[in-house]
2 protein chains.
Amino acid sequence: MARRKDHSREELKELILSAAWDIIASGGVSKLTAREIGKKIGYVPGTIYNIFPSMEVLQLHVNARTLKLLAEKLGKVTEKGRGTPLEARLIGLARAYLAFAQTYRPFWMALFANDLTDLKQTQSWYGQAIEEVFLPLETILREECPDNPSVREDSHILWSSVHGITYLWATGKMPPAKESHVKKTSSAGKKAEWERMVTRLVGVFCAA
Amino acid sequence: MARRKDHSREELKELILSAAWDIIASGGVSKLTAREIGKKIGYVPGTIYNIFPSMEVLQLHVNARTLKLLAEKLGKVTEKGRGTPLEARLIGLARAYLAFAQTYRPFWMALFANDLTDLKQTQSWYGQAIEEVFLPLETILREECPDNPSVREDSHILWSSVHGITYLWATGKMPPAKESHVKKTSSAGKKAEWERMVTRLVGVFCAA
DNA sequence: ACTTTATATTGAACGTTGTTCATTATTTTT
DNA sequence: AAAAATAATGAACAACGTTCAATATAAAGT
């Protein structure tokens, strides 16, 4: 045993992160353990510590992948919407965010699980990944409202708001709408609630 | 040993939750363990399982306390602001939320750490605790905009938005404002960023 | 008052986790 | 071919949530 494989440091890093991705995809972030990764890639858990200093840092790298994927999806939607009215573009972007949160739920949840606030500040590349998630909205606002001097801050406000609505809604931390025009049980009805909220938010925001 | 103490089930529950509170206050939610609670209250960890079925449920009860405390603070601010203009009241409420998030940070973070989404739906009392956090804003909107037919949903939208801004901002998930009118390093400057964002959000919202 | 039943608490155990590190196996350099 | 450097291992550690038979105490029955 103790057979030294032909994996460069970079290949091993890729192997580990890829395995981590699969684990989260099939079992959620709570199943992401050093031993489970080791089992998947045919290494012993300790090997991971040759590449990553801790599981927390590894998690941060997975999160960076999630953010990158999200940024890509948002970027595509943004491009495709070019030429359509502002409000439609914003709602389309928000919809893309919701779709991502639902499709990649375990990864999306992992972005907010655990408190990696301190850690993030030591890993500067992470800030760039965040930046790129916010960028598509900023781009739209720049294109559609070229004379707005506070585009950047506005984009942060609107994006954070959409996130807040989506997060509380998707994690069940939002009180149910009392209105009866939604069947509370049906998931289509539930999604309609989100849709109305975001549409209204964007509408209000565009009016200003 | 094995001395049976004079603590009713209710007293014990209170002891446990109170100890849990202290532990989180001084060391963050990651220090909240059955063994640590046991040490604090002079019981063995297993005793906790006579009262709570799991540490997750215990955490949910702590969260309910946090929400209750938050709701109280928001309620007070709401009452005190009665008679002042709408926009000032909304901003005051948002400020109170930020103050809470900062003062009780470990507790506030615990509300969003871990995924208790499934669990929450089995514990119906938790929904009520959430409801009461949203209530103050709904009250304000009802008082100030009595002829708005969608007050409830509007309050959800605005509150979620404020939360989204505060959350991303406080956890370092917001990209820095490029504008130079803030010294990025000073915490006063940082807070000013939050202040501007929320003020603008509320302003935009009120205009509609 | 004594015995029996019920209950509260314990202590030890199990399986799992992140993490460390001396040892071993392999590659690279001399 | 020997020596130095590196990669991977396996075993160990402490701490975690959780379970449960054993035990000590209180309450109930006689």
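A, B, ... follow the sequence lines: proteins, then strands. Residue 1 opens every chain.
- Listed by first and then second residue, the side-chain hydrogen bond (donor to acceptor under 3.5 Å, both in side chains) pairs that reach into residues 56-82 of chain A are A:Glu14-A:Arg65, A:Gln59-A:Asn63, A:Lys73-A:Tyr104, A:Arg82-A:Glu143, sequence neighbours excluded.
- Computed from coordinates, the A:Leu58 CG to C:dG18 P distance equals 10 Å when rounded to whole Å.
- Residue contacts for A:Leu12: at a heavy-atom cut-off of 4.0 Å it reaches the sugar-phosphate backbone alone, with no base atom in range.
- Atom C1' of nucleotide C:dG18 and atom CD1 of A:Ile37 are separated by 12 Å, given to the nearest angstrom.
- Using bins of under 30°, 30° to 60° and over 60° for the plane-to-plane angle, the ring pair A:Tyr167/A:His163 lands in the tilted bin.
- Within the structure, the side-chain hydrogen bond (donor to acceptor under 3.5 Å, both in side chains) test picks out no pair touching residues 17-26 of chain A (sequence neighbours left out).
- Sorted by first and then second residue, the salt bridge (Lys or Arg N to Asp or Glu O under 4.0 Å) pairs involving residues 99-128 of chain B (not counting sequence neighbours) are A:Arg105-B:Asp115, A:Asp115-B:Arg105.
- Taking atom OH of B:Tyr43 as the reference point, atom C1' of C:dT7 lies 13 Å away to the nearest angstrom.
- The side-chain contact (heavy atoms from CB on, under 4.5 Å) check on A:Pro175 picks up B:Ile130, B:Glu131, B:Phe134, B:Arg152, B:His156, with sequence neighbours excluded.
- At least one side-chain heavy atom of A:Trp125 sits under 4.5 Å from a side-chain heavy atom of A:Leu60.
- OP1 or OP2 of D:dT9 lies within a sub-4.0 Å distance of a side-chain N or O belonging to A:Thr47.
- Regarding A:Leu15, its CG atom lies at a distance of 15 Å from the C1' atom of D:dA7, rounded to whole Å.
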Contact letters for nucleotides 13-19 of chain D, in which S counts primed atoms plus P, OP1 and OP2 and B counts the base, heavy atoms under 4.0 Å
---BBBB

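- Every residue meeting the salt bridge (charged side-chain N to carboxylate O under 4.0 Å, His left out) condition with B:Glu195, not counting sequence neighbours, appears here in chain and number order: B:Arg95.
- Taking atom CD1 of A:Ile41 as the reference point, atom C1' of D:dA7 lies 13 Å away to the nearest angstrom.
- Put simply, NZ on B:Lys39 is 16 Å from C1' on C:dG11, counting in whole angstrom units.
- One interatomic measurement links the two molecules: CZ of B:Phe52 to P of C:dA8, which rounds to 15 Å at whole-angstrom precision.
- Evaluation of the side-chain hydrogen bond (donor to acceptor under 3.5 Å, both in side chains) rule for B:Thr166 yields B:Trp194 as partners, not counting sequence neighbours.
- Going from atom CD1 of A:Ile51 over to atom P of D:dA7 covers 8 Å, rounded to whole Å.
- Within a heavy-atom distance below 4.0 Å of DNA chain C, no residue of residues 16-29 of chain A is found.
- Residues passing the side-chain contact (heavy atoms from CB on, under 4.5 Å) test with B:Ser155 are B:Leu137, B:Glu138, B:Leu141, sequence neighbours excluded.
- Evaluation of the side-chain contact (heavy atoms from CB on, under 4.5 Å) rule for B:Glu144 yields B:Leu86, B:Arg89, B:Ile140 as partners, not counting sequence neighbours.
- Partners of B:Glu36 according to the salt bridge (charged side-chain N to carboxylate O under 4.0 Å, His left out) rule, which considers only residues two or more places apart in sequence or in another chain, are B:Lys39.
- B:Gly42 comes within 4.0 angstrom of sugar-phosphate atoms only, judged by non-hydrogen atoms across all strands, and of no base.
- In the helix from C:dA1-D:dT30 to C:dT30-D:dA1, the terminal helix axes, each the rotation mapping four pairs' C1' atoms onto the next four within five end pairs, subtend 10°, rounded to 10°.
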